[in-house]
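Please read the structure below before turning to the comments.
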Amino acid sequence: MSNRMWGGRFASGPAEIMEEINASIGFDKRLAPQDIRGSLAHVAMLGAAGILPADDVAAIEAGLKSVRDEIEAGRFVFKRELEDIHMSVESRLTEIVGPAAGRLHTARSRNDQVATDMKLWVRDTLDSLDQQAADLQRALAETALKHAGTVMPGFTHLQSAQPVTFGHHCLAYVEMLARDRGRFRDARARLNECPLGAAALAGTSFPIDRHATASALGFDRPTANSLDSVADRDFALESLAAASICAVHLSRFAEELVVWTSAQFNFVKLSDGYTTGSSIMPQKRNPDAAELVRAKSGRIIGALTGLLVVMKGLPLAYSKDMQEDKEGTFDALQALSLCLAAMTGMVKDLEPNAEVLARAAGSGYATATDLADWLVRELGLPFRQAHHVTGRLVGAASAKGVGLEELSLSEMQEAEPRITDAVYAVLGVANSVASRTSYGGTAPDNVRAQAQGWIERLG
Ligand code: ARG
């Protein structure tokens, strides 16, 4: 049997394998709510513009609503021979309201229909990702406030660099997430033009009102060029790019949690709620959730790369290649949503081991920069020379296997005779972090103020 929707000039139906490769219903059925919303806006406009008689409009509207109910109730039977969500809905509509259903497709095409559906789905998803990222920010800011004065080692090259506070480290991710949210909102603002009414590619001769459908669907305006409307998926690409960057941020934090929860570091503890045991090694607590957040960045970045490759050689306007935008986009944005939720759970759950962190913060000559700064400030040495003197003292301490603060004053004075015992005050970790009061620095007072500011702004 030829296709009921487009099979007028076809004598027979598609080959089995053609049907299999062509059908998208297996994954685009999740666009049903968007598809029906789009159709309701379209048919209302057709009625208002006098293109369809009021009784047909009423019948179609009632029919679309019952199709929606059937889908919501799980009573709808999706059939592969109907290819995609657009034809599935229309076919069922025809069964319910009869031939008038055929008028719904006046002045539109599946090309503008699918672009509209996808934009609606991506827009809703960006909104909920933004909310989820805000939840994670809130959890991080609250942890930051609680641990504004908890010292830990700050690293560069994963080598102990200078002491920082745990709260400061948390707030670094709050800032990253703020930019991620900015990218979600930018993508949303740019995608918010309605393709509906571009029809197949050239527009239509019917006197449609594209401004009406655009505003009924919450778009800012209709798209201005019919070819562009049906030919681009940059809104999906941009959203996937924003999602990829956010996923990379989460992945880096997840990596830190993996390292920090290891027995060797023992910086933080995750409860039973976010770890798993080993079936063979009873001592283990594996940070699986963090590992999976780290890993899921792979499929999110993969979806972006995949769609870029799909799009890069396509001539205008629509090509069926573009049907491949869906699975990757759905999967990636859903994966990011899961990662945000898991990260939020872990942040609320984690407990830093303050003692271990403090000990680690003081090891590895992490206050060497404070010593150099003291030499500059108190003795007026040029920083390069102070760096050199400090280097000698670190060498002396490390040869003895002791910390800088364990060198005697006379040992210090061998490197620089003017050093006094006032220097010991800056060699403590707490003094070190408290002195970092420059804007954006790690001093507990700064961290407290920043965390409070975020908590207020996030509401
Ligand atoms: N299922 C198709 C897609 O997702 C809908 C558009 C089909 N358009 C067409 N001209 N065959 O892209």
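Note that the structure is predicted; figures quoted are calculated from it, not measured. Order of listing sets the numbers, starting from 1, for every ligand and every atom in it.
- Residues S24 and D28 have side chains that bring a donor and an acceptor to within less than 3.5 angstrom of each other.
- In this structure, R30 is positioned above the aromatic face of F330, its NZ or CZ under 6.0 Å from the six-membered ring centre and within 45° of the axis.
- Nearest protein heavy-atom neighbour of atom 11 (N) of ligand 1: R110 NH2, 3.5 Å.
- Residues T276 and D288 have side chains that bring a donor and an acceptor to within less than 3.5 angstrom of each other.
- For ligand 1, the atoms lying closer than 4.0 Å to a non-hydrogen atom of S24 are 1 (N).
- For the pair R123 and F219, the cation sits on the ring face: its NZ or CZ lies under 6.0 Å from the ring centre, inside 45° of the axis.
- The nearest heavy-atom contact from the protein to atom 12 (O) of ligand 1 is Y318 OH, 2.4 Å.
- Between the side chains of W260 and E255, no donor-acceptor pair is found at a separation under 3.5 Å.
- In this structure, a donor-acceptor pair under 3.5 Å is present between the side chains of Q162 and T369.
- The H86 neighbourhood of ligand 1 comprises atoms 5 (C), with distances under 4.0 Å to a heavy atom of that residue.
- Side chains of H42 and Q113: a donor-acceptor N/O pair is absent below 3.5 angstrom, by distance only.
- Of the protein's non-hydrogen atoms, the one nearest atom 9 (C) of ligand 1 is N111 OD1, 3.4 Å.
- Considering both main-chain and side-chain atoms, K326 comes within under 3.5 Å of ligand 1 through a nitrogen or oxygen pair.
- Applying the 4.0 Å criterion to heavy atoms of D84 picks out, from ligand 1, the atoms 1 (N), 2 (C), 5 (C).
- Under a 4.0 Å heavy-atom criterion, E83 is not in contact with ligand 1.
- Given atom 1 (N) of ligand 1, the protein heavy atom at minimum distance is Q323 OE1, 2.8 Å.
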